[in-house]
Amino acid sequence: MKFVVVTGGVISGLGKGITTSSLARLFKARGIAVTAVKIDPYLNVDAGTMNPYQHGEVFVLDDGTEVDLDLGNYERFLGQSLPGSHNITTGKVYRSVIEKERRGDYLGNTVQIIPHVTGEVKRMIREAAKAAGAELTLIEVGGTVGDIESMPFLEALREMQQEVGGRENMAFVHTTLVPVVGPVGELKTKPTQHSVRELRSIGIQPDMIVARGSLPLTPDIKAKISLFCDVPLEAIISVPDQPCVYDVPLLFEAQGVGEYIVRRLGLPSHAADWTRWKEFTARYRQGDQEINIGVVGKYVELKDAYLSHIESFHHCQGHLGVNLNLHWFDSEELAPNSPAIQRLLKMQAILVPGGYGVRGVEGKIRAIGIARERKIPFLGVCLGFQLATCEVARDLAGLTDANSTEFDSETPHPVVTLLDSQVGAHGLGGTQRLGSQKVLLAENSRIRELYGRADIWERHRHRYEVNPKYLPQLAERGYRVTGTSPSGLVEAFELEGHPYFVGVQFHPEFLSRPETPHPLYLGLVKAALSHQEADVTVPASSPPAIA
Ligand code: GLN
């Protein structure tokens with residue numbers, strides 16, 4: 001079992017997740033069984049309770065674990081699903097150590113960070129790697145070297161390097177920033193030097209340095225970093241900002257990273273196959289047709305809150321060879337006749353993603369109403385699906401003030417609600433429906449045609465459900481239930497007589513991959529291509545967020 005550890009220095013937000021995912025892909029391209037683990041040095045046990053404003057989207061795995069968004073990057077780059085054990089947080093480690101202590105597992109010993117917490121970290125990493133059957137495991141350490149929070153993890157990894165047989169079996173890749181300063185745009189290596197010194201002070205010598213920044217490294221700068229940091233010149237890798245994250249593995253490959261690590265770790269060396277990946281990135285760039293897609297949410301200032309949706313559109317772009325411009329709409333600004341509404345009318349497709357809490361809900365319902373009336377292709381995901389149900393109920397079925405009981409517990413028409421079966425013994429809200437669950441698709445439906453099959457598995461993360469009591473009334477107005485759970489819960493609907501008006505209770509964005517874009521996003525984009533009313537001259541409000 002071999003390991004590559006990815007650490008970060010200087011500042012956070014350097015794209016360690018993309019670095020880790022891209023490195024992992026180098027080995028997958030060589031037919032090596034590879035997996036990836038993310039260490040998050042925060043005390044939360046999982047990301048489930050975290051505000052998307054702070055950490056970006058909460059990603060959900062097949063097994064229902066709510067994890068850091070980097071796991072989404074790993075899954076997309078590797079084209080493989082990962083279990084919850086691949087996200088190790090300080091909270092999980094401490095919880096396990098304290099449970100063991102209470103059970104008396106430590107036999108009266110004083111329980112300490114070293115060796116007990118570090119021991120637990122090593123155990124969790126080993127078990128994840130073993131269960132995955134991986135020849136090589138990538139381990140990304142969140143945070144920046146020098147943070148108090150990440151110290152126990154780095155210490156555990158330092159110890160582990162010795163235990164697995166040294167540097168032949170565990171390599172450290174350090175990601176740093178090489179900023180450009182001054183009027184002539186000089187590249188500065190000092191932050192990298194300091195950060196490597198910090199890493200060495202805790203006993204870790206990097207085997208490779210990935211230099212991030214706005215400009216590529218010049219040969220003299222590479223030589224300088226190599227000299228000061230004791231890392232061979234061929235292992236100083238330049239990764240300037242890329243317009244498309246899926247170019248990063250190819251950038252690594254072009255600099256010999258795959259071959260270098262394979263040699264260092266004595267991994268089996270097969271020729272790398274990039275055929276499909278290169279086709280994807282070439283098509284991603286080639287598009288000359290512009291398509292304007294409106295995304296209506298409430299966390300729009302932080303695009304990472306919608307990362308998987310953004311990536312799902314990127315996958316469509318690389319598949320269809322069209323340019324997708326995402327326009328962000330803050331749902332609170334969508335007041336009647338507002339400038340934001342005027343802009344929304346010009347969109348060729350509208351996505352309303354998931355969310356929690358009442359803020360901005362009425363604006364989302366207004367956006368959905370526009371998509372329905374103007375026949376703009378629409379996809380509603382989770383909360384977007386629930387609100388589309390409310391919109392149809394209010395405007396088409398005449399159920400005034402229909403709502404989800406999440407937002408109005410007194411609504412006369414609770415078309416979205418907690419079902420009796422969900423309400424627990426204390427009368428409190430049921431727990432969330434999480435993870436991959438089976439969905440049965442109706443015959444002769446658009447959704448079944450898009451998937452090309454009768455049953456599918458999709459990931460869930462929600463609490464409220466469509467109220468079956470209202471289905472007959474909604475059906476009369478063209479609301480057709482086209483997906484159900486095996487127990488009969490509403491999973492998907494389509495509106496009859498609309499070119500593309502699809503709502504799904506589950507989260508398709510978590511399953512889209514560059515090589516296999518998700519059918520529901522492809523369906524939306526294809527419908528957008530033929531949307532007539534569009535005024536394609538609208539400038540993008542902001543470019544798609546690609547680090
Ligand atoms: N707030 C809604 C619910 O709990 C939708 C959740 C979501 O969009 N992920 O059911």
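Everything numeric in this text was worked out from a predicted model, so none of it was measured. Whatever order the structure lists ligands and atoms in, that order sets their numbers, starting from 1.
When E406, H462, R433 are ranked by how near their heavy atoms come to atom 2 (C) of ligand 1, first place goes to E406.
Annotation: atom 9 (N) of ligand 1 to nearest protein heavy atom, R461 O, 2.8 Å. Taking atom 8 (O) of ligand 1 as the reference point, the nearest protein heavy-atom neighbour is G355 N, 2.9 Å. Protein heavy atom at the shortest distance from atom 7 (C) of ligand 1 is C382 SG, 3.0 Å.
Remark: side-chain polar atoms of K16 are paired, donor with acceptor, to backbone N or O of V141 under 3.5 angstrom.
Using a 30° and 60° split on the angle between ring planes, H460 and F506 fall in the perpendicular class, above 60°.
For the pair K92 and T89, the tightest heavy-atom approach, listed with the atom from each and the gap, is N-OG1, 2.9 Å. The two residues G318 and F280 come nearest to each other via the heavy atoms CA-CE1, 3.5 Å.
Near G354, the atoms of ligand 1 lying under 4.0 angstrom from a non-hydrogen atom of the residue are 8 (O). Under a 4.0 Å criterion applied to the non-hydrogen atoms of R463, ligand 1 contributes the atoms 3 (C), 4 (O), 10 (O). Applying the 4.0 Å criterion to heavy atoms of Y464 picks out, from ligand 1, the atoms 3 (C), 4 (O), 10 (O). The contact set between ligand 1 and H507, taken as ligand atoms under 4.0 Å from a residue heavy atom, comprises 9 (N).
Residue contacts with ligand 1 do not include Q432, since none of its heavy atoms lies under 4.0 Å from the ligand.
Here's the thing with L383: one of its N/O atoms is less than 3.5 angstrom from an N/O atom of ligand 1.
Contact check for L351 versus Y306: no side-chain heavy atoms found under the 4.5 Å cut-off.
Under 4.0 Å is where a charged nitrogen must lie from a carboxylate oxygen, and between E362 and R394 at least one such pair does.
The distance from the CZ atom of F329 to the CZ atom of R343 is 4.5 Å, given to the nearest 0.5 Å.
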